[in-house]
Amino acid sequence: MSTLKNDRYLRALLKQPVDTTPIWIMRQAGRYLPEYRATRAKAGSFMDLCKNPDLACEVTLQPLERYDLDAAILFSDILTIPDAMGLGLYFEEGEGPKFKEVIASTADVEALGVPDPEQELKYVMDAVRVIRRELDGRVPLIGFSGSPWTLATYMVEGGSSKDFGKVKGMMYDNPTALHMLLDKLADSVILYLNAQIAAGAQAVQIFDTWGGSLTPQTFQEFSLRYMEKIVAGLTKEADGREVPVVLFTKGGGQWLELIADTGCNAVGLDWTINIADARKRVGSQVAIQGNMDPCVLYASPDVIEDTVKQILSDYGTGNGHIFNLGHGIHQHINPDNVKVLVDAVHQHGRQYHS
């Protein structure tokens, strides 16, 4: 594998010295870019795009052509594992993901198999291999997965949900079945992420998008415990380097210490917590990724730059900060504003690194 020309992101995740604060953006390859929309139209559908390694590579690299980002993230979807388990993932225009089959009983859970990442999910591994080759060491490649709890919400609800009534109903009424499902999902995620690492991913992120919908007690029992199992099961080194892992629980600000205790290298923050407070609480233990409100990108360049300066100043001097949005970029953002963001982070970040 080619040597990394820019390893700022990996170094920051391991709290090593960097010349300036690195930045990448959740959903950086996506609908806000006209070139992405063109490639998706060419692919035919979102899942056809995910399942075509060459096109998945094309959209992964598109933001790097425009912006001086410090990492690429594999273009895929968090719901590939449930799809590979046979639930039939499909997307309805304007409605988000749906499943043809849902998990409603213990028998449904028992019938699920753990997918082989080089069989049912080979298209993802092929995409990782192609992207890694085409990156040619420009920046590191991030692999990712949904957390078991987040995947389970879609599998039990049959799609997105506002109140998580079905999955929480199962959690309180039939916890044994839900634990069995989460355990299978954790095993699947370990295999899936380790296969991504073997194929060339140099860091991995677990998206616990719906962890914040839980109570403090149920978060620990039904989400955190399974993320901890995954972290323990991940390949720790590849290509002669440590492979860092980031955990991102949206709405998880009150549980930062617990998340940091899982053994992860970095904790992702949404925009509902001040990064200075987060650093005081866990920054000696892990790196911190975050956490600008994505809606700031609707503002003028001056406002974007001022917000960047504020977040950098709140984090303060020293290592261990990866700049990011507090969640995925919105589809109606002006792409020119993203350049303002990326350049401002690099320019103003330098003063915090001696």
Side-chain angles (χ1 to χ4, degrees), residues 2-29 60-74 131-132 135-144 200-207 239 241-248 264-271 275-276 278-279 282-283 285-292 294 296-297 304-305 307-329 337-354:
S2 50
T3 348
L4 261 181
K5 299 173 185 77
N6 171 359
D7 65 351
R8 203 181 269 150
Y9 165 72
L10 295 180
R11 292 178 65 82
L13 283 178
L14 298 172
K15 301 192 74 183
Q16 294 169 357
V18 288
D19 59 332
T20 189
T21 307
I23 175 171
W24 71 278
I25 294 167
M26 290 189 270
R27 291 205 199 116
Q28 64 190 24
T60 299
L61 300 184
Q62 282 169 350
L64 301 180
E65 299 306 321
R66 274 186 184 253
Y67 314 119
D68 186 19
L69 293 157
D70 293 296
I73 182 163
L74 161 71
I131 296 162
R132 188 62 202 277
L135 275 172
D136 193 30
R138 268 167 80 178
V139 292
L141 175 61
I142 306 167
F144 72 92
Q202 290 148 294
V204 292
Q205 175 157 322
I206 296 166
F207 286 87
D239 286 352
R241 295 185 81 119
E242 193 171 341
V243 180
V245 54
V246 185
L247 298 189
F248 172 65
C264 65
N265 299 91
V267 173
L269 306 181
D270 66 16
W271 61 87
I275 201 164
R279 187 179 187 188
V282 297
Q285 194 174 348
V286 288
I288 290 171
Q289 178 179 280
N291 65 332
M292 192 174 95
V296 172
L297 290 171
I304 296 168
E305 192 164 358
T307 309
V308 165
K309 285 168 41 183
Q310 185 62 58
I311 292 169
L312 288 168
S313 161
D314 284 345
Y315 185 85
T317 52
N319 307 317
H321 181 203
I322 299 94
F323 203 102
N324 207 317
L325 301 179
H327 199 237
I329 190 168
N337 287 355
V338 178
K339 185 172 189 331
V340 174
L341 165 67
V342 174
D343 293 348
V345 170
H346 286 152
Q347 182 193 339
H348 299 293
R350 289 189 188 280
Q351 64 187 288
Y352 298 101
H353 304 276
S354 49

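Keep in mind it's a predicted model, so treat the numbers as computed, not measured.
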>> Taking ring pair (Phe, Tyr, Trp, His ring centres under 6.0 Å) as the definition, give me every residue that meets it alongside Tyr67, ordered by chain and number, with sequence neighbours left out.
In response: none
>> Looking at every non-hydrogen atom in both residues, tell me the closest pair between Ile275 and Gly290 and how far apart they are.
In response: CD1-O, 3.9 Å
> Counting distance only, does the side-chain N/O of Asn6 pair as donor-acceptor with the main-chain N or O of Arg138 below 3.5 Å?
Replying inline: no
>> If I compare all heavy atoms of Pro22 with all of Ala12, which pair ends up nearest, and what's the gap?
In response: CG-CB, 3.5 Å
> How long is the span from the CE atom in Met292 to the CG atom in Leu269, to the nearest 0.5 Å?
Replying inline: 14.0 Å
> Is the backbone of Leu297 close enough, under 3.5 Å, to the side chain of Asn337 for a donor and an acceptor to pair up by distance?
Replying inline: yes
> Which atom pair, heavy atoms only, marks the closest approach of Pro294 to His327?
Replying inline: CG-O, 3.8 Å
>> Can you tell me how far apart CD (Gln285) and CG (Asn265) are? Round to the nearest 0.5 Å.
In response: 11.0 Å
> At their closest point, which heavy atom of Ala287 faces which heavy atom of Leu13, and how far apart are they?
Replying inline: CB-O, 3.6 Å
> Hey, what's the ring geometry for His321 with Tyr315, parallel, tilted or perpendicular (30° and 60° as the breaks)?
Replying inline: parallel
> Can you name the one residue among Val308, Asp70, Leu341 that meets side chain to side chain contact (heavy atoms under 4.5 Å, CB included) with His346?
Replying inline: Asp70
> For the side chain to side chain contact (heavy atoms under 4.5 Å, CB included) test, which of Val139, Val345, Val342 pairs with Asp68?
Replying inline: Val342
>> For the backbone of Met26 and the side chain of Asn324, can you confirm whether one donor and one acceptor N or O come within less than 3.5 Å of each other?
In response: yes
> Who passes side-chain hydrogen bond (donor to acceptor under 3.5 Å, both in side chains) against His348, sequence neighbours left out?
Replying inline: Glu305
>> Looking at Lys309, I want to see if its NZ is surrounded by more than 12 non-hydrogen atoms of other residues, nucleotides or ligands under 6.0 Å.
In response: yes
> Can you tell if the side chain of Arg8 reaches within under 4.5 Å of the side chain of Asp19, non-hydrogen atoms only?
Replying inline: yes
> What's the spacing between Gln205 CD and Ile73 CD1 if we round to 0.5 Å?
Replying inline: 6.0 Å
>> How long is the straight-line distance from CD1 of Ile131 back to CG of Asp136, given to the nearest 0.5 Å?
In response: 14.5 Å
>> Listing request: all side-chain hydrogen bond (donor to acceptor under 3.5 Å, both in side chains) pairs with a residue in residues 20-29, at least two apart in sequence or in separate chains.
In response: Thr21-His353, Trp24-Gln289
